[in-house]
Amino acid sequence: MHSSAIFLIEFGAIILGLGLLGRLAGRLQFSPIPLYLLAGLAFGEGGLLPLGASEEFVAIGAEIGVILLLLMLGLEYTASDLVSNLKTQYPAGLVDMALNALPGAALALLMGWGPVAAVVLAGVTWISSSGVIAKVLGDLGRLGNRETPVILSILVLEDLAMAVYLPIITALLAGVSLAAGSVTLAIALGVAGLVLFVAVRFGRVISRFVSSEDPEKLLLVVLGLTLLVAGLAQQLQVSAAVGAFLVGIALSGEVAEGTHNLLAPLRDLFAAVFFVFFGLHTDPESIPPVILPALALAVVTALTKIATGYWAARRAGVSPKGRWRAGGTLVARGEFSIVIAGLAVTAGVEPELGPLATAYVLVLVILGPLTARYTEPIALRLAGRGAATPVPAPKPKEEALEPVDPGQHT
């Protein structure tokens with residue numbers, strides 16, 4: 001009974017604190033994500049007042065938060081939109097990998113950590129945070145913007161690439177044979193392809209299956225289906241986020257609209273828990289020794305992500321404002337980067353890799369909402385200063401002296 005009371009007190013305090021921080025961020029017209037992360041940092045391992053009783057529940061809530069964020073993103077677009085975007089944006093995915101994975105690999109090699117650590121750190125710097133970006137797009141009201149499909153296409157390409165990358169890195173860390181690693185990779189690719197095929201081909205059937213005029217039944221069926229597919233995908237070495245996103249893609253029409261309205265409050269609750277959980281598992285004492293290389297890597301890969309988004313949006317015919325917004329939105333790293341670094345730490349690859357990755361992600365997950373909001377106005381202001389101000393041509397004297405007809409209407 002005593003532990004139950006402590007759990008209720010701790011979890012209640014977390015939710016209340018998140019509500020107050022969210023209210024403060026709203027008054028400041030600022031994304032609440034950095035405040036959620038700093039709160040988790042203050043009350044996590046090595047923080048001011050570590051929490052204990054509610055930690056396991058918060059971990060589960062954080063995982064549900066990522067799943068709901070990706071489900072809601074999927075609801076914004078149809079299966080045909082996804083396929084067409086993937087067909088047109090795959091070059092952007094290749095540019096994204098080249099620009100953002102190479103800096104991480106180069107730093108690992110420069111620090112003498114070896115090729116396996118280089119592959120790990122390449123993944124940490126490559127993958128943007130779908131969870132953070134989904135939250136930022138919602139907070140800034142940009143889900144309907146012209147550049148948003150480009151952003152989502154890059155995120156989906158990254159998540160699908162993780163279906164290939166994670167089995168490879170797991171095999172490298174475990175030192176398994178090439179044959180065993182190939183089997184794991186084949187299973188992961190097969191599952192991801194099957195889920196995508198079902199979402200595209202049988203989306204209308206799935207929508208009819210979950211459709212209900214009763215909000216309670218609709219909520220239970222959609223939430224249960226999403227968690228089930230996400231869990232099965234993760235069990236088969238595919239990202240749970242990919243599974244949740246594809247469930248959202250499969251739903252369309254009135255079902256998608258009704259689901260969006262019902263799940264929006266749950267998404268906001270569990271998404272906030274996810275960001276707090278990330279901070280809870282960051283020990284502040286492990287950050288100072290690696291802060292300089294982490295900051296340098298963060299600056300470089302923030303610029304490469306902005307370049308990636310700008311190039312992809314320009315290729316899609318988006319206006320200059322939208323290009324800068326797309327680039328700034330992609331800067332944040334988060335859940336996948338931590339998962340990748342955690343695998344390496346568990347395998348004992350390099351003692352400093354974990355703290356460096358944590359510091360790097362913490363910097364960019366705080367910086368990401370800021371770049372999403374301010375990259376466009378800063379870039380346009382700098383471009384305006386650099387441009388020459390055209391001198392207006394003087395009007396001809398005849399035009400200036402021409403009498404105006406009082407009966408003429410303009």
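Because the structure is predicted, anything quoted here is derived from the model rather than measured. The chain is numbered in sequence order, starting from 1.
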Using a 4.5 Å cut-off on heavy atoms from C-beta on, say whether the side chain of I133 contacts that of S128. yes
Any side-chain heavy atom of K305 within less than 4.5 Å of one from T329? no
Could you go through the side-chain contact (heavy atoms from CB on, under 4.5 Å) check for L99 and W311 one step at a time? CA-CA 11 Å; L99 289 181; W311 183 87; over 6 Å; no
Nearest heavy-atom approach of A359 to A294 is CB-CB, 3.8 Å
Give me each pair satisfying salt bridge (charged side-chain N to carboxylate O under 4.0 Å, His left out) with a member in residues 310-321, each pair once, sequence neighbours excluded. none
Taking every heavy atom of T226 against every heavy atom of A244, the minimum-distance pair comes out as CG2-CB, 3.9 Å
Could you tell me if the side chain of L121 sits less than 4.5 Å from the side chain of W113, heavy atoms only? yes
Between L269 and I15, is a side-chain contact (heavy atoms from CB on, under 4.5 Å) present by the stated rule, with each step listed? CA-CA 8 Å; L269 170 62; I15 300 301; 3.6 Å; yes
Gap separating the CG atom of L152 from the CD atom of E147, nearest 0.5 angstrom: 10.0 Å
What is the distance from atom CD1 of I366 to atom OG1 of T371, rounded to the nearest 0.5 Å? 12.5 Å
Drop me the distance from I151's CD1 to S130's OG, to the nearest 0.5 angstrom. 11.5 Å
Atom pair OG/CG of S337 and L362 - distance to nearest 0.5 Å: 12.0 Å
Does the side chain of V119 come within less than 4.5 Å of V116's, by heavy atoms? no
Identify the residue among V300, L297, T125 that makes a side-chain contact (heavy atoms from CB on, under 4.5 Å) with L107. L297
Which pair of non-hydrogen atoms, one from V150 and one from A316, has the smallest distance, and what is that distance? CG2-CB, 3.7 Å
Matching residue for E376 among R325, R381, R323 - test: salt bridge (charged side-chain N to carboxylate O under 4.0 Å, His left out): R325
Heavy atoms, side chains only, cut-off 4.5 Å: are L18 and I14 in contact? yes
How many angstroms lie between CD1 in I154 and CD1 in I127, if you round to the nearest 0.5 Å? 11.5 Å
Mind checking the CG-CE spacing from L137 to M72? Nearest 0.5 Å is all I need. 13.0 Å
With side-chain contact (heavy atoms from CB on, under 4.5 Å) as the test, would you mind laying out the steps for L218 and E213 before giving the verdict? CA-CA 7 Å; L218 179 62; E213 295 182 359; over 6 Å; no
Looking only at heavy atoms, which two atoms of A92 and T308 are closest? And how far apart? O-CG2, 4.3 Å
For a quick test of reading the model, state the closest non-hydrogen atom pair linking A108 to A118 and the distance between them. CB-CA, 3.5 Å
For the side chain of K217 and the backbone of V210, is there at least one donor-acceptor N/O pair under 3.5 Å apart? no
Do T301 and N100 have side-chain atoms, one donor and one acceptor, less than 3.5 Å apart? no
Would a 4.5 Å heavy-atom cut-off, applied to side chains only, mark W324 and I306 as touching? yes
Scanning both residues in full, the closest heavy-atom pair of L364 with A302 reads CD2-CB, 4.2 Å
Counting only N and O atoms by type, is there a donor-acceptor contact under 3.5 Å from the side chain of D214 to the main-chain atoms of E216? yes
Between L225 and V229, is a side-chain contact (heavy atoms from CB on, under 4.5 Å) present by the stated rule, with each step listed? CA-CA 6 Å; L225 178 64; V229 172; 4.1 Å; yes
Are side-chain heavy atoms of V247 and V222 found at a separation under 4.5 Å? no
Between I60 and I64, is there a side-chain heavy-atom distance shorter than 4.5 Å? yes
Anything under 30° is parallel, anything over 60° is perpendicular, the rest tilted; go ahead and classify W126 against Y165. perpendicular
Is the count of non-hydrogen atoms from other residues, nucleotides or ligands lying under 6.0 Å from E63 atom CD greater than 12? no
Donor-acceptor contact below 3.5 Å, side chain T148 vs main chain R142: yes
